[in-house]
Amino acid sequence: MDADDMGSDLAEVLVTAEQIAARLREMAAEVDRDYAGRDLLLVGVLKGAVMVMADFARELHGSAPMDWMAVSSYGSGTKSSGVVRILKDLEADVTGRDVLIVEDIIDSGLTLSWLVANLRSRGAASVEVLTLLRKPTAAKVDVDVRYVGFDIPNAFVVGYGLDFGERYRNLPFVGTLSPHVYAS
């Protein structure tokens with residue numbers, strides 16, 4: 001699926017496939033350098049981080065096992081309250097390991113803040129965060145994010161793992177939807 005396939009559903013491309021690939025390559029080089037000789041575990045947050053995790057992990061020069069978590073935050077309507085429920089937990093033991101949480105996007109930071117604290121409480125040696133996208137103006141809590149691909153405006157975005165009603169995840173870029181798609 002590409003921009004032409006979206007027709008009038010696409011308002012704007014914010015980050016191209018080429019920009020994503022280049023930035024993931026740069027972040028992988030940083031992670032390779034920062035974690036050289038250490039026992040790094042990549043933890044992806046389902047479902048959105050699948051594309052980021054796959055492409056990022058392929059850019060690493062060292063071996064880094066990966067595991068997945070699925071979490072759900074509760075709130076009113078589309079707003080997260082930060083009250084989190086684990087839907088799929090890790091299979092790996094994080095005790096004594098360096099953990100890198102791989103995210104697609106950080107909005108309010110409420111769920112991510114909870115996740116960082118949860119993994120630290122399990123005895124991880126360190127817990128850091130890598131995200132492809134961050135919306136600085138949407139933050140409700142301060143979360144230390146070590147690796148950021150792109151800061152973007154506080155707009156509803158799709159593509160590269162991000163969805164609207166489970167649609168558009170497979171776009172190779174990140175873009176905004178035209179209002180007629182979500183207005184109804």
Side-chain angles (χ1 to χ4, degrees), residues 1-3 6 10-71 90 92 94 97-113 115-116 119-120 124-163 168-177:
M1 182 174 207
D2 62 23
M6 288 190 68
L10 179 66
E12 176 186 12
V13 173
L14 291 178
V15 187
T16 67
E18 295 77 17
Q19 290 171 311
I20 292 169
R23 185 64 186 120
L24 288 176
R25 195 171 311 111
E26 292 167 359
M27 289 193 297
E30 291 176 50
V31 169
D32 279 335
R33 183 180 57 251
D34 293 348
Y35 288 93
R38 294 167 66 185
D39 185 21
L40 179 64
L41 174 67
L42 304 177
V43 173
V45 182
L46 294 171
K47 298 179 187 175
V50 169
M51 306 295 189
V52 178
M53 176 78 100
D55 289 345
F56 168 74
R58 283 193 290 260
E59 292 295 338
L60 291 172
H61 291 283
S63 177
M66 59 178 85
D67 204 344
W68 300 91
M69 286 187 83
V71 295
L90 297 174
V94 300
R97 297 184 79 178
D98 293 305
V99 175
L100 182 61
I101 299 170
V102 178
E103 274 279 26
D104 53 349
I105 190 166
I106 299 172
D107 279 304
S108 70
L110 292 168
T111 302
L112 182 60
S113 174
L115 186 56
V116 168
L119 293 174
R120 285 184 177 144
S126 70
V127 179
E128 299 290 348
V129 178
L130 177 144
T131 188
L132 179 65
L133 305 169
R134 176 177 62 181
K135 296 180 182 178
T137 60
K140 291 188 176 8
V141 296
D142 187 29
V143 179
D144 185 28
V145 180
R146 188 162 182 181
Y147 309 97
V148 177
F150 303 94
D151 282 331
I152 63 169
N154 190 11
F156 189 82
V157 293
V158 296
Y160 206 73
L162 298 153
D163 74 302
Y168 309 110
R169 284 190 196 278
N170 59 324
L171 292 168
F173 58 85
V174 174
T176 58
L177 288 177

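The first residue of the sequence shown is numbered 1, and numbering continues consecutively from there.
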Nearest heavy-atom approach of Met6 to Leu171 is SD-CD1, 3.3 Å
Quick one: pull up CG in Leu24 and CG in Leu130 and give me the separation to the nearest 0.5 Å.
7.5 Å
What verdict does the side chain to side chain contact (heavy atoms under 4.5 Å, CB included) test give for Ile105 and Ile152, after you've listed the backbone C-alpha separation in whole Å, the side-chain angles of each residue and the deciding distance to 0.1 Å?
CA-CA 10 Å; Ile105 190 166; Ile152 63 169; 4.1 Å; yes
Indicate the atoms forming the closest heavy-atom contact of Pro65 with Leu41, along with that distance.
O-CD1, 3.5 Å
Considering all heavy atoms of both residues, which atom of Leu60 and which atom of Ala28 are nearest to each other, and what is their separation?
CD2-O, 3.7 Å
Quick one: pull up CG in Leu46 and CE in Met53 and give me the separation to the nearest 0.5 Å.
8.5 Å
Does some side-chain heavy atom of Leu133 sit less than 4.5 Å from a side-chain heavy atom of Leu162?
yes
Test salt bridge (charged side-chain N to carboxylate O under 4.0 Å, His left out) on Glu30 and Arg23 and set out the steps.
CA-CA 11 Å; Glu30 291 176 50; Arg23 185 64 186 120; 3.4 Å; yes
Separation of Asp104 CG from Thr131 OG1 (nearest 0.5 Å):
6.5 Å
Point-to-point distance, once rounded to the nearest 0.5 Å, from CD1 of Ile20 to CE of Met51:
10.5 Å
Contact summary for Phe173 and Val15, nearest pair of heavy atoms:
CB-O, 3.2 Å
Taking every non-hydrogen atom, the tightest pair across Arg97 and Ala92:
NH1-CB, 4.1 Å
Do Leu119 and Met69 come within less than 4.5 Å of each other through their side chains, counting heavy atoms only?
yes
Are Lys47 and Asp163 ion-paired here, with the side-chain N under 4.0 Å from a carboxylate O?
no
When every non-hydrogen atom of Val143 is compared with those of Ser113, the smallest separation belongs to CG2-CB, 3.9 Å
Side chain to side chain contact (heavy atoms under 4.5 Å, CB included) evaluation trace for Tyr168 with Leu10:
CA-CA 10 Å; Tyr168 309 110; Leu10 179 66; over 6 Å; no
Are any non-hydrogen side-chain atoms of Glu103 and Val52 less than 4.5 angstrom apart?
no
Atom CG of Asn154 and atom NZ of Lys135: how far apart are they, to the nearest 0.5 Å?
5.0 Å
To the nearest 0.5 Å, what is the distance between CD (Gln19) and CG (Leu132)?
10.5 Å
Heavy-atom side-chain contact between Val31 and Phe56 under 4.5 Å:
yes
